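Structure, as structure tokens:
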Amino acid sequence: MKVGFLGLGVMGRPMATNLAAAGVDLVGWSRSGGTIPCADTATSPGQVFERAGVVILMLANAEAVDSVLGRGTAAFPVHVAGRTVVHMGTTSPEYSADLGAAVAAAGGRYVEAPVSGSRGPAEAGQLVAMLAGQPDDRERVRPLLRPMCREVFDCGPVPQGLLLKLAVNTFLISMVTGLAEAFHFAAGHGLDAGLLRDVLDAGPMASFVSRGKAAKLVDGDFAVQAAIRDVHYNNRLIVEAAAARGLAAPLLDVCADLFAETGRLGHDGADMAAVIHAMTARSGSGTASASSRTGAGSAAAAGPPS
């Protein structure tokens, strides 16, 4: 069976490369004109659908998915009928459920398989997939995920995979933002950034993500693994999904503001660790938080937390 892959960007290209290296008969297409080693390259999405029984989507957002699938045009049912569409990118859960219904109505099958991980894990085939769809469709797709992922978790029906992805990203975004703030705090007090990194790396809070992002913050190396613009997009999806259920999302509300500010400062394409620039800008402009402006005296007078 020939497999199609649409979207060869920061994440898509290494994922498709790992599929091809595993011997999957692959045909790919990208708006940017990217290619995949040891795989065929199509000149249009239509060619991919003509040649493949399963088509993987690793596209930036809902608008890109609709455009590539030709949704809303006569091309859409021609593309998806008789094929399994695997949505591995990140969109709102509501959009994914609606897309799945549209694919089914046109005679196709639909599976969600969003992944946790950035470019490094994608290159190493160490992503974690959250698989959702009908049971037989999940089993059809599962073998294709193995060359790209070290773990695949069953999440039930659509859109449970994307809901779980947003829950995972809630932790990721708040954790990396907190890590950046720790380095910002240390710099403001004249502490050695390398020493902070070493203490964190040696302690119980260390993780693959914290070690990678701490190294970026020490070196000032914001080469992209997960871009500010993409993280802000994910952050917005989380806040919207929380609001739809009447759930508070206080940390992600703050993070959304910080990532938006970082983009406006010109770092939209930098790694998410570059969110530290928004903190530095706030401090330089005198817009530090109310608690820092009033000082720690009131907290000290109240005594330590119980």
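Computed over heavy atoms, backbone and side chain alike; hydrogens, waters and symmetry mates excluded. These numbers were taken from a predicted model, which means no experiment stands behind them.
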Within the 6.0 Å centroid threshold, strictly below: H232 and F259:
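They do not qualify: ring centres at least 6.0 Å apart.
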E261/R282 salt bridge by N-O under 4.0 Å criterion:
yes
Between D192 and R197, does at least one N-O distance fall below 4.0 Å, as a salt bridge requires?
no
Give the minimum heavy-atom separation between H79 and R83, together with the two atoms involved.
O-CD, 3.0 Å
Show, in sequence, the C-alpha distance, side-chain angles and deciding distance for S283 and H184, and conclude whether the side chain to side chain donor-acceptor pair (under 3.5 Å) test is met.
CA-CA 10 Å; S283 297; H184 174 61; 2.8 Å; yes
Determine, step by step, whether K165 and T90 satisfy the side chain to side chain donor-acceptor pair (under 3.5 Å) criterion, reporting the C-alpha distance in whole Å, the side-chain angles of both residues, the deciding distance to 0.1 Å, and the verdict.
CA-CA 8 Å; K165 169 67 185 294; T90 305; 2.7 Å; yes
Report yes if the side chains of [X] and [Y] come closer than 4.5 Å at any heavy-atom pair, otherwise no.
| X | Y | answer |
| --- | --- | --- |
| I276 | F222 | yes |
| L19 | M148 | yes |
| I56 | V3 | yes |
| R109 | V85 | no |

Contacts of type side-chain hydrogen bond (donor to acceptor under 3.5 Å, both in side chains), residue D230, not counting sequence neighbours:
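Not a single residue meets the side-chain hydrogen bond (donor to acceptor under 3.5 Å, both in side chains) criterion with D230.
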Does one hydrophobic cluster hold both M58 and W29, with members joined at side-chain heavy-atom distances below 4.5 Å?
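No, because M58 and W29 fall into different hydrophobic clusters, even though each may have its own neighbours under 4.5 Å.
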If two hydrophobic side chains count as joined below 4.5 Å and joins carry through other members, does I238 share a cluster with I228?
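Yes, same cluster.
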